Amino acid sequence: MGRTLKEAPSDADCVSHSYLVRSGMVQQVMTGVYSLLPLGWRTFRKIENIIREEMDAAGGQELMMPSLQPMELWEKSGRLPSFDKTLFTVRDRKDHIMALGPTHEEVITNLVGRIVQSYRDLPQLPYQIQNKFRDEPRPRGGLLRVREFFMKDLYSFDADEDGLDESYRKMVQAYKNIYRRCGLPAVMVEADSGAIGGKASHEFMLLVESGEDEIIFCPKCEYAANMEKATSIKPAGKAEDPLAVEEVSTPGLKSIEEVAGFLNVKADQTLKSVFYVCDGQVIFVVIRGDFEVNETKLKNVLKCTEMHMATEAEVQEAGIVAGYASAIGLKGIKIVADDSIKLGSNFVAGANKPDTHLKNVNFPRDFNADIVADIAKARAGDPCPKCQGPVKIERGIEVGHVFKLGTFLSERLGAYFLDKDGNSKPIIMGCYGIGLGRLLAAAIEQNHDDKGIIWPLPIAPYQVYLCSIKADDANVAAKAEKLYNDLTAAGIEVLFDDRPESPGVKFNDADLIGLPLRIVISPRTLKDNGVEVKWRKDKETRNLPLEGLIEAVKGLLDKAV
RNA sequence: CGGGGUGUAGCGCAGCGGCUAGCGCGCAUGGUUUGGGACCAUGAAGUCGGUGGUUCGAAUCCACUCACCCCGACCA
């Protein structure tokens, strides 16, 4: 089953999507929802098995939890606002509303809380490999961001911080094993914990150009972090003696670039104002002109759940003079400043009246802020926060995320245990997720050429593409059939292309599907009583005799792992 | 949510008031081919996304609706 396509589907917007569809591995059912066809499902199950083995090896216990979840659990956990519209809901015949699980922390915490009574029952490492549902604002990239997806989620329950650290360490190691065994080098980076909440958190990234996430990393030391979380050292601006504030006319000049150019100063001599609305409240953000606001950091500083850039109407309503705004003399609006405003002097800033800016603005002499914190995006080239070496930026796809959750869920959902001294304490939690479909798609993003997929051996749907040329030749057909049976009997996974197609068609399909080893059997190779063998990733072919071929192929495959 | 775009055969597209809706790929049958997407012949396949309107006449114009795709949040 499955059919390869010569032309890319019109709605494919990235390589992995295009190849997944063209090679007949997936089919879209509706936006953000896909069927996995036999070929795709085989790869999927290989990834799943590797994950399962590593989870079991790390002490995990697999279980199953339902997709339908009571809203009551979500009300109890208090995470309803942060999931908001992402949560799919359904109604039963009595009009009772239920959730389709976007994750299972609520259910598992409730479950474990009812079983665990004593510190003697801890630690616990239950996990599941199941589908989850999230009504994403914009599904995209084929399997990269979808609304229904399979996820491996393991949850750790410990009696104390040391236990959590140990569970976390075990999982990090298990994750490293998983990516290594899949043949997919992933890097571990510091991460923001987002809607899930909690303290420490790391992501595992597959580095690819097309990735949605930006990663800051230091080539000199071990430092690596998601852009959302990353810091770099901010170079100081000019340190001058504060001068008297001076008004300058800047007609029609609004952007930092325009103003700085007009006044002949650098961007780091200016203050930029940006406006957000956080949980309904207008926030005035000040940052040095050469930096940009990191919205994730800002959101965390403000501890708010919903945040968006203020619309023009919202800006106007707040009485802000767009284009010429600054924090100077501003009243009734919460001001958040990036700490970069302390690194410099005699800044240019808006005058809060049209077509006018102020020179020689200094903090805190001329204005104040309700919060001063690091809310800037880290920049490539700036010094590393750990070792001062210049940091770099790369793009990647998030293929795993681990969190130290702490106790907020166990407290809210009533998962307590008695410690040695008979005191009731909340269980300390962690959670550890891998999106299987995302990992599959990311593998293709990282491993392909202009002909098609180049599967890493451990997760290829089959190991060998056996291809007969002139398949209707009785001799070829018989030898090919025997070879297929022998290889299969020897435990080698073979996709047998015995279609009576022309060589070009078969070779192109072989390249598209991307199985690691291609074996061609044809009248030509049979003249020497042999076959032709070629690795998908290589250009060269070589001929091997039919005699002893099974062992030879086995040897090749074993060596390749 | 805002903005834009597209729905015509399994896939990719053309047709954009004039009556029997086309092309390429794929599919079926027969024949010639067989080491990098072969060729000839014949053939099957379409409620032109849906509903309503305008018109002698609608795939084509209008309205609504549904589906799918893309873009957007440093502009202050």
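So that the names make sense, note that chain A is the first sequence line, chain B the second, and so on, each numbered from 1. Fair warning: this is a prediction, and the values are worked out from it, not measured in the lab.
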* Asked: With both distances under 3.5 angstrom, what nucleotide forms a Watson-Crick or G-U wobble pair with B:A63?
  -> B:U51
Please list, pair by pair, any protein nitrogen or oxygen found under 3.5 Å from a nitrogen or oxygen in nucleotides 3-5 of chain B.
none

* Mind listing the closest non-hydrogen atom pair of A:Ile216 and A:Ile393 along with its distance? => CD1-CG1, 3.5 Å
* Asked: Out of curiosity, A:Ile519 CD1 to A:Glu532 CD, how far, rounded to the nearest 0.5 Å?
  -> 10.5 Å
* Send over the distance from A:Leu512 CG to B:C25 P, rounded to a whole Å. => 19 Å
* Paired with B:G18 by Watson-Crick or G-U wobble geometry, both distances under 3.5 Å: which nucleotide is it? -> B:C56
* To do: Return the nucleotide paired to B:G35: Watson-Crick means purine N1 to pyrimidine N3 with N6-O4 or O6-N4, wobble means G-U with N1-O2 and O6-N3, both under 3.5 Å.
  => none
* To do: Would you mind classifying the nucleic acid contact of A:Lys451 as base, sugar-phosphate or nothing, using non-hydrogen atoms under 4.0 angstrom?
  => base
* Asked: Can you find a side-chain donor-acceptor pair between A:Asn352 and A:Tyr324 that sits under 3.5 Å?
  -> no
* To do: Under the side-chain contact (heavy atoms from CB on, under 4.5 Å) rule, what do A:Ile513 and A:Leu39 come out as? Steps first, then yes or no, please.
  => CA-CA 9 Å; A:Ile513 293 170; A:Leu39 212 51; 3.8 Å; yes
* If the C1' atom of B:G12 is compared with that of B:G72, how far apart are they to the nearest Å? -> 29 Å
* To do: From the options B:C68, B:A38, B:G36, select the nucleotide whose nearest atom is closest to the side chain of A:Val505.
  => B:A38
* Kindly confirm or rule out a cation-pi arrangement of A:Arg379 over A:Phe291, judged by NZ or CZ under 6.0 Å from the six-membered ring centre and within 45° of its axis? => yes
* **Euclidean distance for C1', B:G22 against B:U8 (whole angstrom)** => 10 Å
* Asked: Which residue pairs pass the side-chain hydrogen bond (donor to acceptor under 3.5 Å, both in side chains) test when at least one of the two sits in residues 438-456 of chain A, sequence neighbours left out?
  -> A:Ser16-A:Glu445, A:Ser210-A:Glu445, A:Asp449-A:Arg536, A:Lys451-A:Asn508
* Please state the P separation for the pair B:G50 and B:A67 - nearest whole angstrom. => 15 Å
* Asked: So does A:Arg138 get a side-chain nitrogen or oxygen closer than 4.0 Å to the phosphate oxygens (OP1/OP2) of B:C69?
  -> no
* Asked: Do A:Asn362 and A:Asn346 get their side chains close enough for a donor-acceptor pair, meaning under 3.5 Å?
  -> yes
* Is A:Asp472 touching bases, backbone alone, or none of the nucleic acid, heavy atoms closer than 4.0 Å? -> base
* Considering just the side-chain nitrogens and oxygens of A:Thr31, establish if one lies under 4.0 Å of OP1 or OP2 belonging to B:A67. => no
* Asked: Does OP1 or OP2 of B:G10 have a side-chain N or O of A:Gln27 closer than 4.0 Å?
  -> no
* Asked: Counting only Watson-Crick or G-U wobble pairs whose two distances fall under 3.5 Å, which nucleotide matches B:A45?
  -> none
* To do: Quick one: pull up CG in A:Leu515 and CG in A:Leu495 and give me the separation to the nearest 0.5 Å.
  => 6.0 Å
Could you pull out every donor-acceptor pair under 3.5 Å between side chains of residues 257-267 of chain A and any protein atom, sequence neighbours left out?
{"unit_1": "A:Glu258", "atom_1": "OE1", "unit_2": "A:Lys254", "atom_2": "N", "d": "2.8"}
{"unit_1": "A:Glu258", "atom_1": "OE1", "unit_2": "A:Ser255", "atom_2": "N", "d": "3.1"}

* **Crowding at CZ, A:Arg499 (>12 non-hydrogen neighbours, <6.0 Å)** => yes
* Structure fact -> A:Phe507 CZ to B:G36 C1', in whole Å, measures 7 Å
* Asked: For atom C1', what is the distance between B:C69 and B:U55, given to the nearest Å?
  -> 33 Å
* To do: Under 4.0 Å between any heavy atoms, over every strand shown, what does A:Ala471 touch: base, sugar-phosphate, or nothing? Just pick one.
  => nothing
* Taking everything shown except A:Lys359 itself, do over 12 heavy atoms lie less than 6.0 Å from its NZ? -> no
* Pairwise C1' distance, B:U34 and B:U47 [rounded to whole Å] -> 43 Å
* **Between B:C70 (C1') and A:His17 (NE2): distance, integer Å** => 14 Å
* Asked: Taking the same atom, C1', in B:C48 and in B:C61, what whole-Å distance lies between them?
  -> 16 Å
* Expressed in whole Å, how much space separates the P atoms belonging to B:G57 and B:G53? -> 12 Å
* Asked: Can any side-chain N or O of A:Thr356 pair as donor or acceptor with the backbone N or O of A:Gly350 at less than 3.5 Å?
  -> no
* Asked: Rounded to the Å, how far apart are A:Leu466 CG and B:G35 C1'?
  -> 15 Å
* Asked: Does a donor on one side chain sit under 3.5 Å from an acceptor on the other, for A:Tyr276 and A:Glu295?
  -> yes
* Asked: Base, sugar-phosphate, or nothing for A:Lys272, non-hydrogen atoms under 4.0 angstrom?
  -> base
* Does B:C11 pair with anything, Watson-Crick or G-U wobble, both distances under 3.5 Å, and if so, with which nucleotide? -> B:G24
* When all nucleic acid strands are considered with a 4.0 Å heavy-atom cut-off, which category describes A:Gln28: base, sugar-phosphate, or nothing? -> sugar-phosphate
* **RNA chain B contacts made by residues 525-533 of chain A, counting heavy atoms under 4.0 Å** => A:Thr525, A:Glu532
* Structure fact -> Whole-Å distance, A:Tyr465 OH to B:G36 P, equals 15 Å
* Asked: Just checking, is any N or O donor in the side chain of A:Asn300 or A:Asp192 under 3.5 Å from an acceptor N or O on the other one?
  -> yes
* **Given RNA chain B, 5'-ward residue of the pair A:Asp511 and A:Glu258, judged by closest heavy atom** => A:Asp511
* When you compare B:G26 with B:G35, how far apart are their C1' atoms, in angstrom units rounded to a whole number? -> 23 Å
* Structure fact -> Contacts of A:Phe149 meeting ring-ring contact (aromatic ring centres under 6.0 Å, His included) (sequence neighbours excluded), chain-then-number -> none
* **Interatomic distance where CD1 belongs to A:Ile469 and C1' belongs to B:A38 [whole Å]** => 13 Å
* Residues of residues 514-523 of chain A with any non-hydrogen atom less than 4.0 angstrom from an atom of RNA chain B: list those, numerically ordered, please. => A:Arg518, A:Val520, A:Ser522
* **Per A:Glu501 side chain, nearest of listed nucleotides B:C27, B:G36, B:A38** => B:C27
* Asked: Nearest-Å distance, CG (A:Asp450) to C1' (B:G37)?
  -> 14 Å
* **Any strand: nucleotide that pairs with B:C68 via Watson-Crick or wobble, under 3.5 Å** => B:G5
* To do: Nearest whole angstrom, please: distance from the P of B:G35 to the NZ of A:Lys506.
  => 12 Å
